[in-house]
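Because the structure is predicted, anything quoted here is derived from the model rather than measured. Throughout, protein chains are lettered first and strands after them, A, B, ... in sequence-line order, and every chain is numbered starting at 1.
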Amino acid sequence: MSAEISTAYEPQLVEEKWYRIWLEQKSFEAKTQSNKPSYAIVVPPPNVTGVLTMGHVLNTTIQDILARRARALGKEVLWLPGMDHAGIATQNVVEKRLRAEGLTKHNLGREAFIKKVWEWKERYGGIIIQQLQKLGCSCDWSRERFTMDPEYICAVQQTFVDLYQKGLIYRGKRMVNWDPFYQTALSDEEVISTPTMGKLYYVRYGVVEEPGTFLEIATTRPETLMGDTAVAVNSGDLRYQRFVGQHCWRPFPRTKIPILCDDAIDPTFGTGVLKVTPAHDKLDFEIGLRHGLEVVDVMNPDGTLNALAGEEFDGMDRFEARQKAIEKLRDLGLLVREEEYQNNVGYSERGGVPVEPRLSEQWFLKYPRIKETLQAVSSGQICFRPERWVKTFEHWIDNIQDWCISRQLWWGHRIPVWYHHDDPGRIYVGTEPPLDKENWRQDPDVLDTWFSAWLWPFATMDEETRRRFYPTQDLVTAPDIIFFWVARMIMAGFEYQGRIPFENVFFTGIIRDLQGRKMSKSLGNSPDPLDLIEKYGADGLRFGLMRIAPHGQDIRFDEKQIEEGRNFANKLWNACRFRQLQGPRTDALAPDPFSPYSAYILHRLNETVDRIENAFRGYLFTEVAQSLYEFVWSDFCDWYLEAAKTELQNQRESVRLNCLSVADHVLSSVLRLLHPFMPHLTEELWHRMSFGDSTIQFAPVNNVRVDVARLNPVDIAFAQRVYEAATVTRNLRAEYRIASNKRVRMILEPAESADFSVFGRLVNADPLDVDPKVVAKPGVPVAMTPLGQVFIPLEGTIDLSAEKERLRKEIAKLELEIAAVQKKLGNESFVARAPAVIVTKHRQREKDFMKRLDQLRERMAGL
RNA sequence: GCACGGUUAGCUUAGCGGUAGAGCGACUGGUUUACACCCAGUAGGUCGGGGGUUCGAUUCCCUCACCGUGCACCA
């Protein structure tokens, strides 16, 4: 047995020490050669720019729990970590630094800029990896991957080339979501539509053929009117039928534009007349296509207007231009009115600015394997937890659009396409540059970061690892990347490995603050997990968080809960301390019969193991944590250890040892069961208590249950009666304001013959007189317990009225219960139609109540 | 507009057809063979509103309200 345990658990040193040892022992490294069954998870790669958030803590803790649990169940575990190169985010970070030095990426040039990014990555990137280690994550760091590793780049390029050759990737000039801040195209998924207060402007366009007649149109974006190339109405709209085929005057730059009809126009919206701006609106673009309209792009990539908008708008920001356009319309007398109007505006997820629908030439992917992917999830071959996300997923798949995969960034996977200098129509697509490189120009764009992430479950593995560990078993992620990542990974899995990438997807909740708001940097409502680790220990943080993370529900974060985690660590620590003070470790459960209290705690241990196993099967981590918490704190500490204190005083060494062996079995079991949640603490105690010579990580958890044949039900029931009796008696003590530490004489009129010494100790009775023929004076406080009546003869004068009052209250309470039961039993329908078990149960309750009522009344009558 | 969640003690929440349960906070008492990061005890709930099914509904169904999320519309 190691050095005596201190009185309070201090996690900092312990946690650091064990993590170092685990790394030294390489216990997290997955061995492809082992003959254990495989278990694999790949981490959702955090951004290389990322720092640890509460979301990461939640997500990673769950993965660590799964990984450690699998190790304890004898699996060969691969938990593969890594990072994502995060195109926009990383480029942004580096550009900011450059700006501080008075530089821009443009005056550096592409090559030098990329070099800077790598330098930044080597110096500052991946802080999050160290932070994850502080949490205790058991990732196989020897297999850490980065989405810009040379092999990974290769895999991404091969994928591009392959899909191009299959005709699934194509280049096209289309309307895309354009982020004017970062000046890049985005995928539909990266656009967040946000209700925004704006105005609806009603504007008059003069009809060319009928001077003096106007068509009134409603628009939220007057700044695009300079790009109008038509005005459109619904063909069925009688109000405007006669104008179709005529022309309107576009106010400025003033020109004639046709009036046409198109069924995409909703006659009930606004005035039913739409100004058609094919270059700046998706719907308008489609109308333009149908009617062969000219496309006039009046905007620059940065969101300013260009010369086509007219000299006075040239170079002006789009929102300034809106005001200017309104003024001009007003001056021209064309602005009829404006009204407050709320509409949804698409914002760039990253750039935070309104997205501009923009016509541009981009690369698109027709998603492969859509059918199989849908089928895999719908059929449950891939199991989503909670299941309800299946619907969200199916809905997305059903409405899937081609994926815009090119980004106008420099940091990322460069598109492996070259255009010939002499003939730009000639293109070359390949993983290697063309042989006569000098005659070609490579596409300047890079691929969407998710185009590399979707290969993650297999592109991170070498041949051997893949053979052994693909497909993986579990994926743990937040539901907000279900489309970005999860869905696409399944497609890639089918396309490139011929099978699903994972069997289960566990979607975590989102961590919110106490007001229910998402945690965000800008709100400043996100606690720094590292501070929490500092204050409560990584184990405290992990356990505290898991205990409040309801299955698939958002989590309201409260630091108090983390404090609970720390307190629990301390509780277990002290339980071990207490055990250690009683003497050296025992070898195994004693072969002799158990005391009732031992039988009871072992029975509860069995129940707890059942509960935990069920919970694990359902991925109910909160339930696992809660079971262990209750078992340790209540069953073991509050009841067993207190009962054990009597047995440990027993003169007979065999009784003592028997009790200690039970405590050892329970503690050793708890440590193993709890290890996935609190890895450091349990490892420390495992060694301090000498429960094992080597790490607890691989100590089996399937041998915890105690043979039921050894647990006498009669004993278990007796212990339960003792505990119940203790509770009732303590209530009585408290009613009479007897300090809990004060020893008082009590008299038990026993309902059975047994050893009541533990009971006496639990209620702090000294002495406890057991007297079957006790005649208590009237007014002596009494507790009706399952062990019999317990009297507390108080010194001094007996307060008759106090006891009367107390009894009266208790009787009243009981009568209410009895009335309820009798009402139930008096209902013929109930007796006839309810299951017999239930009826019997209530009959028994009635009997028990009546018996107690009689006792109470008798006592009352004696006063 | 469509879909999916949620609404239980002051707070965070468990339970999801048969006696409403925990932790925190509040209150009372307390250094008893580990633990004040603790121990013993008390108070506090018409389980969001309304309807229905049932012998019985917090639990199942319908409906309304509010909160959250996703998708669509977004002139």
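Pro479(A) comes within contact range of no nucleotide atom at all, as no heavy-atom separation falls under 4.0 Å. Among the heavy atoms of the strands, none lies under 4.0 Å from Asn399(A). Residue contacts for Glu630(A): at a heavy-atom cut-off of 4.0 Å it reaches no nucleic acid atom on any strand shown. Using a 4.0 Å heavy-atom distance criterion, Arg221(A) is classed as making no nucleic acid contact. In this structure, Asp638(A) reaches the sugar-phosphate backbone alone: every heavy-atom distance under 4.0 Å involves primed, P, OP1 or OP2 atoms, never a base. Contact annotation for Leu648(A): no contact, since no heavy-atom pair falls under 4.0 Å across all strands.
The phosphate of C35(B) has neither OP1 nor OP2 within less than 4.0 Å of any side-chain N or O from Lys571(A). For the pair Arg577(A) and C35(B), the criterion of a side-chain N or O lying under 4.0 Å from OP1 or OP2 is met. For U42(B), one of the phosphate oxygens OP1 or OP2 lies less than 4.0 angstrom from a side-chain nitrogen or oxygen of Asn731(A). Side-chain nitrogen and oxygen atoms of Asn567(A) include at least one within less than 4.0 Å of the OP1 or OP2 phosphate oxygen of C38(B). Taking side-chain N and O atoms only, Trp639(A) has no distance below 4.0 Å to OP1 or OP2 of C39(B). An OP1 or OP2 oxygen of A40(B) is reached within less than 4.0 angstrom by no side-chain nitrogen or oxygen of Arg733(A).
Comparing U33(B), G23(B), G70(B) by their nearest atom to the side chain of Thr392(A) picks out G70(B). You'll find that the side chain of Arg388(A) is closest to G5(B), out of A3(B), G5(B), A34(B). Here G41(B) is the nucleotide among G41(B), G18(B), A3(B) with the atom lying nearest to any side-chain atom of Arg730(A). For Leu641(A), the listed nucleotide lying nearest its side chain is A34(B); candidates were A34(B), G18(B), U33(B). Residue Ala739(A) has its side chain nearest to G30(B) when only G30(B), C55(B), G41(B) are considered. With G41(B), C73(B), A34(B) as the candidates, the nucleotide lying closest to the side chain of Glu642(A) is A34(B). Out of C24(B), A34(B), A40(B), the shortest distance to the side chain of Phe578(A) is found at A34(B). Picking from U12(B), U33(B), G18(B) the nucleotide with the shortest atom distance to the side chain of Ala834(A) gives G18(B). Of the candidate nucleotides U33(B), C24(B), G18(B), C24(B) has the atom nearest to the side chain of Glu564(A). Of the listed nucleotides (U31(B), G68(B), U19(B)), U31(B) has the atom at the smallest distance from the side chain of Asn741(A).
Checking Ala726(A) against Ile217(A), the closest nucleotide of RNA chain B that is more toward the 5' end is the one next to Ala726(A). When each of Gln626(A) and Glu735(A) is assigned the nucleotide of RNA chain B with its nearest heavy atom, Gln626(A) is the one assigned upstream, toward the 5' end.
Per the geometry, OH belonging to Tyr629(A) stands 16 Å off P belonging to U13(B), to the nearest Å. The interatomic distance linking Ile511(A) (CD1) with U12(B) (P) rounds to 15 Å, in whole Å. Between the NZ atom of Lys560(A) and the C1' atom of U13(B) there is a distance of 16 Å, given to the nearest Å. Between the CZ atom of Phe849(A) and the P atom of U19(B) there is a distance of 11 Å, given to the nearest Å. One atom, CD of Glu387(A), and another, C1' of C4(B), lie 13 Å apart when rounded to the nearest Å. The distance between atom CZ of Arg556(A) and atom P of G23(B), rounded to the nearest whole Å, is 22 Å. Atom CD of Glu394(A) is separated from atom P of A3(B) by 15 Å (rounded to the nearest Å). Taking atom CZ of Arg611(A) as the reference point, atom C1' of G15(B) lies 11 Å away to the nearest angstrom.
Nucleotide U59(B) is matched to nothing when pairs are restricted to Watson-Crick or G-U wobble geometry with both distances under 3.5 angstrom. For C4(B), the paired base is G68(B) (Watson-Crick or G-U wobble, both distances below 3.5 Å). When both pairing distances are held under 3.5 Å, A20(B) makes no Watson-Crick or G-U pair with any nucleotide shown. Searching all strands for a Watson-Crick or G-U wobble partner of G25(B) with both distances below 3.5 Å returns nothing. Nucleotide G44(B): unpaired (no Watson-Crick or G-U wobble partner with both distances less than 3.5 Å). A36(B) is unpaired under the criterion used here, namely a Watson-Crick or G-U wobble arrangement in which both key atom distances are under 3.5 Å.
Ring geometry, Phe393(A) versus Phe384(A): the interplanar angle exceeds 60°, so the pair is classed perpendicular (tilted spans 30 to 60°). Note on ring orientation: taking the six-membered ring where Trp is involved, the planes of Phe507(A) and Trp389(A) are tilted (angle from 30° to 60°).
Atom name C1', nucleotides G10(B) and C4(B): the rounded distance is 31 Å, in whole Å. If you take atom P in U8(B) and the same atom in C60(B), they sit 16 Å apart, rounded to whole Å. The P atoms of A20(B) and U46(B) are separated by 14 Å, rounded to the nearest whole Å. Nucleotides U28(B) and A65(B) place their P atoms 45 Å apart, quoted to the nearest Å. Look at the C1' atom in both C39(B) and C16(B): the space between them is 35 Å, to the nearest Å. Annotation: C24(B) and G44(B) have their C1' atoms spaced 14 Å apart (nearest Å). Here, U12(B) and U7(B) have their C1' atoms 14 Å apart, quoted to the whole Å. Spacing of P atoms, U59(B) relative to G15(B), comes out at 15 Å, to the nearest Å.
The base of A34(B) is paired with the side chain of Lys645(A) by a donor and an acceptor separated by under 3.5 Å. Residue Asn827(A) places no side-chain atom within donor-acceptor reach of the base of C55(B), judged by atom type and a 3.5 Å distance cut-off alone.
Using a 3.5 Å distance cut-off with no hydrogens or angles, the side chains of Gln580(A) and Arg688(A) do not pair a donor with an acceptor. Side chains of Glu189(A) and Trp396(A): a donor on one and an acceptor on the other come within 3.5 Å. When only modelled atom types and interatomic distance are considered, Glu735(A) and Asn731(A) share no side-chain donor-acceptor pair under 3.5 Å. A donor-acceptor contact closer than 3.5 angstrom links the side chains of Glu339(A) and Tyr202(A). Of the N and O atoms on the side chains of Tyr240(A) and Asn234(A), not one donor lies less than 3.5 Å from an acceptor on the other residue.
Test Leu732(A), Val728(A), Thr729(A) against Val790(A) for side chain to side chain contact (heavy atoms under 4.5 Å, CB included) and you get one pass: Thr729(A).
Lys823(A) forms no cation-pi arrangement with Phe830(A), by the criterion of a distance under 6.0 Å to the ring centre and an angle within 45° of the ring axis. A cation-pi arrangement is not found for Arg604(A) relative to Phe631(A), the charged atom failing to lie both closer than 6.0 Å to the ring centre and inside a 45° cone about the ring normal.
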